[in-house]
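These values consider heavy atoms only, across backbone and side chains, with no hydrogens, waters or symmetry-generated copies. Count residues from 1 along the sequence. Since this is a predicted model, take the numbers as computed values, not measurements.
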Amino acid sequence: MTRSAPSMPKNGTIAAILPAAGSGRRFGSHQNKLFATIRGVPIWVHSAMALLGRPEIGRLIVAVSESDRTIFQNDYTAFLDAKKIEWVLGGQERTDSVRSGLEAIGDDAAIEYVAIHDAARPLIGDPDLSSIFAALTATGAAILATPVTGTLKRAVRATPNAAGDLIANDRCVTVDRSELWVAQTPQVFRLDLLRLAYDRHRGYPATDDAQLVERIGHPVAIVSGSSDNIKITHPEDLRIAEAIMARLSPTNK
Ligand SMILES: Nc1ccn([C@@H]2O[C@H](COP(=O)(O)OP(=O)(O)OP(=O)(O)O)[C@@H](O)[C@H]2O)c(=O)n1
Ligand SMILES: C[C@](O)(CO)[C@H](O)COP(=O)(O)O
């Protein structure tokens, strides 16, 4: 029996939301880490262009912080207009930023699905996008993730010192990693499903959108993704991203 190829979302039926309203605290720069460049292109632009290159994406909405609003309005207006990128004001939490993006979709009858992709993940590649979009039509909710490598330890009886550091001589316990994955983005959902999950969100912390869908009892599928799809979190991640990009596209196209 021949297995039929997984169906892909029809062209233009996915709204992409790019959360870009974070403070970049761990990056430690005076400006938003998303304006740091790789090969002269801002991180958030790499992320946006990766999605805009896909026919399934009908709209792209970037959530920006109040403090970055002027930069986006002054430095990126021509780019936003040319690429038909919409922007909304993000919020205190990542979920607040995504909620703003969801509200901006409105009652657009063309949009059936939503893809939430961190603006801080500039190296998302087409193969992973194809995999996650194929899973979307089959499941209604799916995330890219990578299996845990290395040995995981949980610090127990850790008694943080005054500086909040864990004291080195505390005990550790090995965690079974066989069922553990590190979530990435895009995280993709049927639009009605994610809207329901956000309607029922009562503010309990959630570092990704899948958690909200899990909480309403809908299964979220895991799609194994590339370890190249890193999130720019710390300054050293920029060097890693440059090396990955040099390997993936040796010439500066
Ligand atoms: N209130 C927030 C917090 C985060 N993000 C976005 O969510 C993505 C992933 O978040 P993270 O890497 O944690 O970014 P920051 O929150 O900026 O980083 P930090 O925790 O170091 O401040 C980023 O593109 C970030 O801009 C957002 O749109 N709104
Ligand atoms: C959504 C996410 O990329 C999944 O790994 C991640 O949780 C967002 O970044 P943060 O560092 O957790 O804020």
S.K.: Could you verify whether a donor N or O on one side chain and an acceptor N or O on the other, from Thr207 and Gln211, lie under 3.5 Å apart?
M.R.: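 Short answer, yes.
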
S.K.: Could you check whether Asp237 pairs with Lys231 (Lys NZ or Arg NE/NH1/NH2 to Asp/Glu carboxylate O, under 4.0 Å)?
M.R.: no

S.K.: To the nearest 0.5 Å, how far apart are OH in Tyr198 and CG in Asp96?
M.R.: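 Tyr198 atom OH to Asp96 atom CG measures 8.0 Å (nearest 0.5 Å).
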
S.K.: Show every salt bridge (charged side-chain N to carboxylate O under 4.0 Å, His left out) that has at least one partner inside residues 8-27, sequence neighbours left out.
M.R.: none

S.K.: Can you list the steps and then say if Arg247 with Asp228 is a salt bridge (Lys or Arg N to Asp or Glu O under 4.0 Å)?
M.R.: CA-CA 10 Å; Arg247 168 167 49 85; Asp228 288 343; 2.6 Å; yes

S.K.: If we count only N and O atoms by modelled type, under 3.5 Å, do the side chains of Thr174 and Arg154 hold a donor and an acceptor together?
M.R.: no

S.K.: Going by atom types alone, do Glu56 and Asn11 pair a side-chain donor with an acceptor below 3.5 Å?
M.R.: no

S.K.: Could you walk me through whether Arg54 and Ser130 pass the side-chain hydrogen bond (donor to acceptor under 3.5 Å, both in side chains) test, one step at a time?
M.R.: CA-CA 9 Å; Arg54 297 289 306 209; Ser130 296; 2.8 Å; yes

S.K.: Could you walk me through whether Ser224 and Trp181 pass side-chain contact (heavy atoms from CB on, under 4.5 Å), step by step?
M.R.: CA-CA 9 Å; Ser224 186; Trp181 294 72; 3.8 Å; yes

S.K.: Step by step, would you call Thr185 with Leu144 a side-chain contact (heavy atoms from CB on, under 4.5 Å)?
M.R.: CA-CA 6 Å; Thr185 67; Leu144 283 173; over 6 Å; no

S.K.: Using only heavy-atom distances, determine whether the side chains of Asp68 and Ser65 contain a donor-acceptor pair under 3.5 Å.
M.R.: yes

S.K.: Does a side chain donor of either Ser249 or Arg39 reach within less than 3.5 Å of an acceptor in the other side chain?
M.R.: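 Note: Ser249 and Arg39 side chains meet the donor-acceptor criterion.
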
S.K.: List the atom pairs, with distances to 0.1 Å, where a side-chain N or O of residues 76-83 and a protein N or O form a donor-acceptor pair under 3.5 Å, not counting sequence neighbours.
M.R.:
unit_1, atom_1, unit_2, atom_2, d
Thr77, OG1, Gln73, O, 2.2

